[in-house]
Structure formats: structure tokens, C-alpha cells
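Take a look at the structure below.
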Amino acid sequence: MAWTREQMAARAASELTDGSYVNLGIGLPTLVPNYVDDDVELVLQSETASSASAPTPTRATRTPT
């Protein structure tokens, strides 16, 4: 049986400890903090865009290196 988004977020939150620095990546970053205990302080960082959000540059349009 597949996990729900809430179950995955709760499972991820269970791994977090006080003082952790966490990169939540792309996916569930807005849900995970809902499942962190109130006495746990974290520094959270999440991705703001997908690497596939734009087409791959062609030889004619890419920046020369």
C-alpha cells in the first residue's frame, strides 16, 4: 500500500532532531514542519524550482564556455 503525502512528511519529520539543518528538496517541504515537535528548532531550506522547469538549451542558444 502506498504512503500518503502526510505519512511521508510525518516519517521525514521523525528523523529530525533539535538543531538540525535540513534541505527538504522538492516534494514535501511545506508538509514536513507540520509534524515536527514544537520544542525542536530547525533550519529548513527547500528548493524553489525544478531543474526541468525550462527547456534544455540548444547549441545555438546556450552560453559559450
Let me check something: any side-chain donor-acceptor pairs from residues 11-21 under 3.5 Å, sequence neighbours excluded? List them with distances.
| unit_1 | atom_1 | unit_2 | atom_2 | d |
| --- | --- | --- | --- | --- |
| R11 | NH1 | S14 | OG | 3.4 |
| R11 | NH1 | E15 | OE2 | 2.4 |
| R11 | NH2 | E15 | OE2 | 3.4 |
| S14 | OG | R11 | O | 2.6 |
| T17 | OG1 | S20 | OG | 3.1 |
| D18 | OD1 | E41 | N | 2.7 |
| S20 | OG | T17 | N | 3.3 |
| S20 | OG | T17 | O | 2.7 |

Under 4.5 Å between side-chain heavy atoms, counting indirect links through other Ile/Leu/Val/Met/Phe/Trp/Tyr residues: same cluster for Y35 and V40 or not?
no
Contacts of D39 that satisfy side-chain contact (heavy atoms from CB on, under 4.5 Å) - sequence neighbours left out:
D37
Which heavy atom in L31 sits nearest to a heavy atom in A9, and how many Å separate them?
CB-CB, 3.6 Å
